[in-house]
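Inspection log for the structure reproduced underneath, given as structure tokens.
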Protein chains: 2
Amino acid sequence: MKLEDIASLAQVSKTTASRALADSPLVKDSTKELVKRIAKEHNYRPHTLASAFARKKSGIIGFCLLNKNNPSFGHPFFGPVLDGALEQARKDGYHIILAANSGDDYVFDEPFMQDCIEGVVLSSFAPAKAVREFKNRGIPQVLINDVLPTDNNTFIMDDNYGGAYRLMQHLIYEKGHRRIGFLTDRLSHTSYLLRYFAYIDAHRDAGIPVYTNPLLPQDDLAGGYPLTSDYFLNRYGYEDIPRIGSPMVVVGMRTNVAYEAIQRLIATGDVPSAIFAVSDSLAIGAIHALQEAGLRVPEDVAVAGYDDIISATAVTPALTTVRVDRKEIGRTAIRELEKLIAAPDLQSSVIYIENSLIVRSST
Amino acid sequence: MKLEDIASLAQVSKTTASRALADSPLVKDSTKELVKRIAKEHNYRPHTLASAFARKKSGIIGFCLLNKNNPSFGHPFFGPVLDGALEQARKDGYHIILAANSGDDYVFDEPFMQDCIEGVVLSSFAPAKAVREFKNRGIPQVLINDVLPTDNNTFIMDDNYGGAYRLMQHLIYEKGHRRIGFLTDRLSHTSYLLRYFAYIDAHRDAGIPVYTNPLLPQDDLAGGYPLTSDYFLNRYGYEDIPRIGSPMVVVGMRTNVAYEAIQRLIATGDVPSAIFAVSDSLAIGAIHALQEAGLRVPEDVAVAGYDDIISATAVTPALTTVRVDRKEIGRTAIRELEKLIAAPDLQSSVIYIENSLIVRSST
DNA sequence: TTGTATGCGTTATCAT
DNA sequence: ATGATAACGCATACAA
């Protein structure tokens with residue numbers, strides 16, 4: 001069943017049939033209904049590929065996960081983001097096609113990445129190279145979780161600063177902590193950097209000194225990487241934020257790395273009364289290490305995380321954390337991308353997605 | 001840059017240029033190289049849509065998640081399955097397009113679901129209606145996690161029976177348990193049914209009676225649903241497997257449902273020495289309930305799960321479980337689908353993916 | 001309000 | 001070994 005067949009059955013031209021099905025105002029209501037009825041009767045569906053080809057619009061949005069680590073969509077963060085993106089795209093009649101990679105070049109080998117997608121969502125850590133590449137090809141892009149100094153891009157971020165700041169308020173004012181350790185992955189990741197700003201500012205605003213442990217090795221908070229997010233350094237006036245001499249630093253997200261870091265902390269004999277871990281998985285590692293050393297959580301040491309992954313309720317005690325609205329991040333990314341597709345010259349902007357403090361038993 | 005441009009630059013016809021780029025043996029090596037060089041120099045890429053349209057092959061595989069529950073790809077099971085599928089599809093030059101739904105009809109509203117996908121992977125619980133629909137349209141399909149009595153389909157399943165049986169061996173022979181409770185979601189889910197078979201058989205083979213708790217309500221193990229998987233009932237000779245009077249039954253996957261079920265079990269005063277939960281999330285709920293009642297895991301009650309989700313290492317004690325190779329399930333689904341695309345009349349078959357027993361501290 | 005004719009970029013058919 | 005030409009199914013500029 002092709003358009004031609006429907007047209008001849010309805011005794012009209014292909015043009016009219018095409019218009020009728022597209023609800024064009026150019027077509028008389030009666031013929032419109034006739035064509036639609038016949039199409040329905042014969043279960044006619046326009047050939048998507050032909051249609052897309054003819055109108056030069058694929059209706060496809062690329063969703064890239066530029067992540068060197070496994071898993072990708074199995075990741076507790078990106079899976080839900082994808083769900084949200086899918087939901088929104090469906091509502092708006094777009095399709096989502098996937099690309100994930102291990103190398104930098106991968107997405108560009110993808111046929112649909114080359115000329116058929118109308119826009120692209122770059123999640124995780126997007127290399128500047130990829131951003132440039134898409135820009136060159138005139139493909140609108142929305143970035144998740146990072147901000148780059150580029151034009152005509154929209155950036156979607158969890159409100160890291162706000163969430164972390166509220167969590168710190170909870171620790172300081174509701175729980176009365178004044179010695180709060182900071183457990184982090186490298187700060188070259190924008191999200192962590194912002195959480196660190198909040199950690200610092202909350203101390204300053206409360207008039208208490210930041211906890212440091214001189215017995216711990218003075219690691220480079222950025223893990224030897226440059227702090228790429230100049231945008232935020234300037235925005236918050238942190239051009240010369242201290243990058244050496246943190247309370248404790250962990251490079252890598254694996255739970256057992258946090259576990260070992262906390263063991264080292266305990267070994268110094270100078271343990272803070274609370275620990276703010278930059279992610280739930282680090283927090284879980286911390287709890288395990290503390291408990292194994294005979295310390296009670298939260299009585300001896302309170303522990304808070306960030307993200308609210310599923311495992312946050314599997315640990316005992318259940319983790320106090322900041323719930324990131326991952327689905328909303330996905331939805332917003334698609335909505336913003338559609339704006340960009342409609343108006344490719346839109347100015348760059350950053351959109352912050354609200355989160356919420358989830359107080360459980362670990363603090 | 002279109003093919004025509006490359007052709008005229010190379011002083012050949014479009015036909016020759018097309019063949020050269022496709023490495024056709026019909027074209028002379030020297031011209032082949034010439035065309036390729038020019039194409040490369042001008043950074044030419046064939047227009048995927050046009051190519052797909054012309055050859056009547058979209059190169060797209062649909063991946064459906066027919067799941068009424070949220071999250072979808074954020075689910076600890078399906079995320080990794082998708083990762084595996086993506087990896088394999090990429091290797092083979094296919095694209096994956098996504099569909100998830102809340103209603104039964106959703107996938108059929110999707111344009112690409114209608115006529116452009118070359119095949120489809122149905123994961124989660126595929127309604128017979130959807131299977132029929134795709135069949136009618138001549139779209140080859142591979143099903144994950146279920147088996148239906150249909151022709152020309154391939155079914156990919158975790159080796160549920162084998163995994164559960166080995167886990168039971170561990171509990172019975174390595175740990176010496178003889179009173180093992182079974183904590184399950186409704187058995188109308190094929191995977192759980194198979195794990196139940198293994199649970200029953202392991203008892204029979206070891207010559208010990210199955211634990212039952214007469215003080216617990218005698219629930220219908222299928223949760224009032226028909227056991228759809230006749231395939232397995234017959235295959236294993238379980239036509240009249242007892243469906244009433246289970247040790248304990250939980251309907252629904254949520255952790256707190258398991259939590260409450262175990263509280264009821266404890267209230268009877270007749271607690272088994274071990275509990276085999278049909279999924280990790282149920283097992284985690286069980287552990288929480290036991291610990292809160294002052295029972296030690298594994299000293300008083302051992303608990304084992306199934307799946308090996310991330311949270312399995314977040315609980316204390318870390319969960320003994322069966323690791324399902326989710327990525328391999330995804331990979332295999334794509335590989336098998338490609339076979340089906342090549343030969344749509346292939347006979348139906350069931351493929352079991354190997355899993356592995358992960359012994360941790362909860363048993 | 002409707003129809004005719006052409007284009008979209010590639011691949012396939014059939015000659016040469 | 002190469003080329004001219006016809007599909008592929010739909011959308012639209014232009015004409016009526």
Side-chain angles (χ1 to χ4, degrees), chain A residues 1-39 42-60 93 95 111-118 137-138, chain B residues 1-39 42-60 93 95 111-118 137-138:
Chain A
M1 265 297 146
K2 51 170 92 172
L3 185 59
E4 197 176 345
D5 304 328
I6 300 299
S8 70
L9 282 171
Q11 316 252 46
V12 297
S13 69
K14 287 200 297 179
T15 311
T16 306
S18 174
R19 283 179 182 141
L21 294 172
D23 241 348
S24 158
L26 291 176
V27 161
K28 194 164 53 177
D29 277 2
S30 58
T31 40
K32 210 184 268 188
E33 278 169 35
L34 174 68
V35 173
K36 281 187 180 174
R37 191 172 51 73
I38 293 183
H42 292 74
N43 207 7
Y44 165 80
R45 302 276 173 199
H47 186 121
T48 323
L49 230 42
S51 166
F53 176 50
R55 93 170 79 191
K56 298 162 168 242
K57 283 213 156 209
S58 67
I60 300 179
H95 278 277
F112 270 93
M113 285 298 146
Q114 294 175 4
D115 48 11
C116 287
I117 56 175
E118 296 185 34
R137 299 184 188 186
Chain B
M1 264 297 147
K2 51 170 93 171
L3 185 60
E4 196 176 345
D5 304 329
I6 300 300
S8 71
L9 281 171
Q11 316 251 47
V12 296
S13 68
K14 285 200 297 180
T15 311
T16 305
S18 174
R19 283 180 181 140
L21 294 172
D23 241 347
S24 158
L26 289 177
V27 68
K28 196 165 50 178
D29 277 3
S30 59
T31 41
K32 209 185 271 189
E33 278 169 34
L34 174 68
V35 172
K36 283 186 178 174
R37 190 171 52 71
I38 293 183
H42 292 73
N43 206 6
Y44 165 78
R45 301 278 173 199
H47 186 122
T48 323
L49 230 40
S51 166
F53 175 51
R55 92 169 82 190
K56 298 162 167 240
K57 284 213 156 210
S58 68
I60 299 180
H95 279 277
F112 270 91
M113 285 298 147
Q114 294 176 3
D115 48 13
C116 287
I117 55 174
E118 295 185 34
R137 299 182 188 189

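Side-chain contact between A:Asn43 and A:Met1 is absent, with no heavy-atom pair separated by less than 4.5 Å. B:Ser51 is not listed as a side-chain neighbour of B:His47, based on a closest heavy-atom distance of 4.5 Å or more. When side chains are defined from C-beta on, A:Glu118 does not count as touching A:Ile60, because their heavy atoms never get closer than 4.5 Å.
Summarising the geometry, the separation between CG on B:Leu34 and C1' on D:dA1 is reported as 15 Å, rounded to the nearest angstrom. Computed from coordinates, the B:Lys28 NZ to D:dA1 C1' distance equals 7 Å when rounded to whole Å. Remark: P of D:dA1 and CD of B:Glu33 are 14 Å apart, rounded to the nearest angstrom.
The nearest heavy atom of DNA chain D to B:Lys56 and to B:Thr16 marks one nucleotide each, and the one closer to the 5' end goes with B:Thr16.
Atom-to-atom distance recorded for B:Arg45:CZ and A:Arg137:CZ is 7.0 Å, nearest 0.5 angstrom. Here the OH atom belonging to B:Tyr44 is positioned 6.5 Å from the CG atom belonging to B:Leu21, to the nearest 0.5 angstrom. Put simply, OG on A:Ser58 and CG on B:Leu49 are 6.5 Å apart, with the number rounded to the nearest 0.5 Å.
The closest side-chain donor-acceptor pair between A:Thr15 and A:Arg19, if any, does not fall under 3.5 angstrom. B:Thr16 and B:Ser13 share a side-chain donor-acceptor pair at under 3.5 Å.
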Tabulate atom names and distances for all N/O pairs under 3.5 angstrom spanning the protein and nucleotides 11-14 of chain D.
{"from": "D:dA11", "atom 1": "OP1", "to": "A:Ser51", "atom 2": "OG", "distance (Å)": "3.4"}
{"from": "D:dA11", "atom 1": "OP2", "to": "A:Ser18", "atom 2": "OG", "distance (Å)": "2.9"}
{"from": "D:dT12", "atom 1": "O4", "to": "A:Thr15", "atom 2": "OG1", "distance (Å)": "3.1"}

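First and last contacting nucleotides of DNA chain C toward chain B (any atom under 4.0 angstrom from a heavy atom, 5' to 3' order): C:dG9 to C:dC14.
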